Amino acid sequence: MNALQFIETSIEEGIGYIFLNRPKQLNALNRKMIREIVSAMEAYDLDLRVKVIVLAGNGKAFSAGADIEEMVNDNPVSLELMNQFADWDRISLVKKPVIGAVKGFVFGGGFELALSCDFLIAASDTQFSFPEVTLGVMPGAGGTQRLTKLVGKTKALEWILTAERIKAKTALQYGFINKIVAPELLMEEAVDLAGKIAKQPPLAVRLIKESVNKAVDHSLYEGMQFERKNFYLLFASKDQKEGMSAFVEKRKPNFTGG
Ligand code: CO8
């Protein structure tokens with residue numbers, strides 16, 4: 001993770017932090033920045049010290065969207081050949097839970113990046129929006145799909161077609177964020193949630209994330225077959241033996257991640 005230009009990373013007490021770090025441009029996402037974010041997530045996924053990933057933004061915004069200056073001269077052929085969305089797709093393959101700690105503007109590609117997280121803690125000043133339509137384009141990194149799956153067609157279409165700024169309270173009401181907090185408590189809350197998950201046995205955590213994600217795209221029957229296989233698989237883990245023995249022996253479990 002050397003020579004990072006657009007993000008900052010650090011590991012502390014089981015949490016792998018990624019801070020978007022282009023505050024003067026409101027963390028507008030250029031392509032190198034996306035590659036840095038995804039590479040950092042993948043490195044954390046393989047790092048045994050990291051149990052949970054926290055993604056946040058330096059400065060007053062989480063992200064005002066994809067870098068418009070970088071895109072202004074793109075054409076369909078350059079976009080197809082560049083295949084930038086292959087980087088975005090890799091976010092879905094991250095096995096460890098990702099908590100997004102968002103504030104200020106969460107716009108366009110920034111909103112799509114937020115929706116790629118497993119949890120969202122939002123500061124009370126957060127505004128979510130898909131302004132792409134006002135630029136003559138549309139969301140391209142999963143926005144039309146992820147938002148619709150989360151809130152249904154009615155509101156997703158309204159919000160994407162009007163570029164309305166959605167307040168944190170509305171986001172909570174529609175269930176696409178987990179919690180609203182005072183801006184000064186944003187990181188504290190994210191760390192608190194991360195700490196609760198980091199205490200759990202890591203194999204169970206990753207198979208639960210994988211199983212819940214299956215529910216989004218598969219039939220109930222397929223999802224339940226998948227869940228069952230993961231349930232069986234966990235009985236091969238040391239942490240299952242430890243967790244259940246500890247309960248029977250009336251003591252606290254000591255999970256080792258095996
Ligand atoms: N791209 C490039 N630069 C930006 C962006 C952006 N998305 N957003 C802000 N900036 C820059 C501004 O140009 C400005 O730079 P400078 O100081 O050099 O003039 C600086 O950040 C500060 O911005 P403002 O002065 O505009 O700050 P305000 O507080 O007045 O306004 C707003 C904040 C309302 C967020 C405003 O900056 C704005 O409207 N930004 C654009 C928002 C937008 O349209 N986002 C969607 C972009 S398109 C997109 O995300 C498509 C995703 C497709 C998939 C992803 C592919 C990679």
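Bear in mind that the values here come from a model prediction, so they are computed numbers and not experimental data. In listed order, ligands and their atoms are each counted from 1. Throughout, residue positions are numbered sequentially from 1 according to the sequence presented.
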Applying a heavy-atom distance cut-off of 4.0 Å, which protein residues contact ligand 1?
Lys24, Gln25, Leu26, Ala28, Lys60, Ala64, Gly65, Ala66, Asp67, Ile68, Met71, Gln84, Phe85, Trp88, Phe105, Phe107, Gly108, Gly109, Glu112, Pro131, Glu132, Leu135, Gly140, Ala141, Arg165
Is there a donor-acceptor pair under 3.5 Å between the side chain of Lys95 and the backbone N or O of Lys209?
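No.
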Answer yes or no: is there a donor N or O on one side and an acceptor on the other, between the side chain of Glu242 and the main chain of Asn254, under 3.5 Å?
yes
Looking at side-chain heavy atoms only, is the closest gap between Lys51 and Ile197 below 4.5 Å?
no
Check: Phe176 ring centre within less than 6.0 Å of Phe111 ring centre
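Yes, the ring centres sit under 6.0 Å apart.
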Contacts satisfying salt bridge (Lys or Arg N to Asp or Glu O under 4.0 Å) that involve residues 54-74 (not counting sequence neighbours) are Arg22-Asp67, Arg31-Glu70, Arg31-Asp74
Does the side chain of Glu222 come under 3.5 Å of the side chain of Ser219 through a donor N or O and an acceptor N or O?
yes
